[in-house]
Enquirer: 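One structure is given below, represented as structure tokens, and several questions about it will come after.
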Amino acid sequence: MPTKAPAGRTGSGVRAARTVGAALLVAWALAACGVPDAGPTADGAPAGGARAPGTAPWMRVYFVAANGSWSVARPAPADAGPQQALDDLLAGPTRDERQRGLVTALPAGTHRVRAESTAPGTVDMYLPWLVAELDRAAVNQLVCTAAAAPGIPGGKRPTDVVVQVHESGVSGGPWKVMCDETGTAAPVGAPHRTG
């Protein structure tokens, strides 16, 4: 239904008011999205989500960037699972990934981390080290790569997968952790960080 222009306004005045209103709406929307006047910045966790049906299989491997954990997508064989993802992680970043500033905090040398998923939403990871011997960034890499691995039964999001960390030479139960949306490992039950 057409509206009448307020008394004293002409057609061009109404158009100008609408243009100003539209510009203010766009500015508000950008501010609400966290996009500053200077443009987007590299804050927050890397983009993630479910793969579209029928697309090539991919896996996420976590490395370290200047601003924290950063995942990269790598092609995955059809039967890939947590072991394949951790093997790729231990192989380190590719030359292209290193040129983009990605590094690993894992100890140098030949190490084997074993991983398997035998229950829905759970990965058992067996480390050749004690967690206390590792840098915090290395623990984040291991846990988040395992949680985001393909082939975990149950169809849970990586942030909902429980990684049971079995430490070398330690008796007793595993250390149960999860990967939050920022690529940080936290004990099960700890509050999740989202940004």
Side-chain angles (χ1 to χ4, degrees), residues 44-65 67-93 97 102 104-107 111-195:
R51 202 174 44 221
T55 59
W58 295 92
M59 64 183 158
R60 294 216 164 266
V61 180
Y62 280 77
F63 291 110
V64 181
N67 58 347
S69 294
W70 197 258
S71 69
V72 295
R74 293 201 175 158
D79 61 346
Q83 187 64 57
Q84 178 71 50
L86 287 166
D87 288 348
D88 269 32
L89 172 64
L90 289 170
E97 292 163 353
L102 299 177
T104 185
L106 291 165
H111 303 285
R112 174 94 168 144
V113 174
R114 290 186 309 110
E116 61 184 348
S117 183
T118 57
T122 303
V123 174
D124 281 287
M125 182 170 58
Y126 300 86
L127 300 180
W129 319 278
L130 295 174
V131 170
E133 298 172 338
L134 298 172
D135 185 82
R136 172 93 172 136
V139 174
N140 294 340
Q141 286 183 262
L142 289 161
V143 170
C144 292
T145 298
I152 300 171
K156 292 189 175 188
R157 297 175 334 136
T159 54
D160 296 326
V161 171
V162 174
V163 179
Q164 299 186 122
V165 180
H166 302 265
E167 299 176 79
S168 177
V170 175
S171 60
W175 180 48
K176 295 183 180 187
V177 293
M178 298 174 87
C179 179
D180 70 17
E181 292 178 2
T182 67
T184 304
V188 170
H192 279 253
R193 291 181 3 191
T194 59

Enquirer: What heavy-atom pair brings Ala132 and Glu167 nearest, and what distance separates the two atoms?
Expert: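 For Ala132 versus Glu167, the nearest heavy atoms are N-OE1, 4.3 Å.
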Enquirer: Locate the shortest heavy-atom distance separating Ala149 from Pro82; write the atom from each residue and the value.
Expert: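 Where Ala149 meets Pro82 most closely, the heavy atoms are CB-CA, 3.5 Å.
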Enquirer: Which distance, rounded to the nearest 0.5 Å, do you find between the NE2 of His111 and the OG of Ser168?
Expert: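 If I round to the nearest 0.5 Å, the distance is 11.5 Å.
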Enquirer: In the structure I gave you, are the side-chain heavy atoms of Glu116 and Tyr126 within less than 4.5 Å of one another anywhere?
Expert: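 Sidechains of Tyr126 and Glu116: in contact.
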Enquirer: Find the distance between CD (Glu97) and CZ (Arg74) and round it off to the nearest 0.5 Å.
Expert: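 The distance works out to 4.0 Å.
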Enquirer: State, yes or no, whether a side-chain contact exists between Gln84 and Pro77 at a heavy-atom distance under 4.5 Å.
Expert: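 A side-chain contact exists here, since the closest heavy-atom pair is under 4.5 Å.
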Enquirer: Shortest non-hydrogen contact from Val113 to Leu142?
Expert: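 Taking Val113 first and Leu142 second, the nearest heavy atoms are CG2-CD2, 4.2 Å.
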Enquirer: Do you know the tightest heavy-atom contact between Met59 and Asp88?
Expert: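 For Met59 and Asp88, the tightest heavy-atom pair comes out as CE-OD2, 3.1 Å.
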Enquirer: Tell me yes or no: between the side chains of Gln164 and Thr122, is some donor less than 3.5 Å from an acceptor?
Expert: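 Thr122 and Gln164 do not have a side-chain donor-acceptor pair below 3.5 Å.
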Enquirer: If we only count heavy atoms from C-beta on, is the Cys144 to Pro158 side-chain gap below 4.5 Å?
Expert: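 No - every pair of side-chain heavy atoms lies 4.5 Å or more apart.
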Enquirer: Are Ser69 and Thr182 close enough that some pair of their side-chain heavy atoms sits under 4.5 Å apart?
Expert: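 Of all side-chain heavy-atom pairs linking Thr182 with Ser69, none is under 4.5 Å.
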Enquirer: Under a 4.5 Å cut-off applied to non-hydrogen side-chain atoms, are Arg157 and Glu181 in contact?
Expert: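 Answer yes - side chains close enough.
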Enquirer: Main chain of Gln141, side chain of Thr145: is a donor-acceptor contact present, judged purely on distance under 3.5 Å?
Expert: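 Yes, because the side chain of Thr145 sits within donor-acceptor range (under 3.5 Å) of the backbone of Gln141.
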Enquirer: Look up atom CG in Leu106 and atom CH2 in Trp129, then write down how far apart they are to the nearest 0.5 Å.
Expert: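 Reported to 0.5 Å precision, the distance equals 5.5 Å.
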Enquirer: For Ala65 and Trp70, which heavy atoms make the closest approach, and how far apart are they?
Expert: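 Looking at all heavy atoms of both residues, the closest pair is CB-CB, 4.0 Å.
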Enquirer: Any side-chain heavy-atom pair from Met125 and Val143 closer than 4.5 angstrom?
Expert: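 The answer is yes; the side chains approach within 4.5 Å.
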Enquirer: Distance check, rounded to the nearest 0.5 Å: Ile152 atom CD1 versus Thr118 atom OG1?
Expert: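 Reported to 0.5 Å precision, the distance equals 11.0 Å.
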Enquirer: May I ask you to test the Leu134-Pro107 pair for a side-chain heavy-atom distance under 4.5 Å?
Expert: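 Sidechains of Pro107 and Leu134: in contact.
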Enquirer: Side chains of Gln83 and Arg114: closer than 4.5 Å at any heavy-atom pair?
Expert: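 Of all side-chain heavy-atom pairs linking Arg114 with Gln83, at least one is under 4.5 Å.
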Enquirer: Before you tell me yes or no, could you show the steps for Val163 and Trp175 under side chain to side chain contact (heavy atoms under 4.5 Å, CB included), namely the whole-Å CA-CA distance, both residues' side-chain angles and the distance that decides it to 0.1 Å?
Expert: CA-CA 8 Å; Val163 179; Trp175 180 48; over 6 Å; no
Enquirer: For Pro150 and Ala76, which heavy atoms make the closest approach, and how far apart are they?
Expert: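 Reported closest heavy-atom pair: CG-CB, 4.5 Å.
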Enquirer: Which is it for Tyr62 and Asn140 under the side chain to side chain contact (heavy atoms under 4.5 Å, CB included) test, yes or no, and what are the steps along the way?
Expert: CA-CA 8 Å; Tyr62 280 77; Asn140 294 340; over 6 Å; no
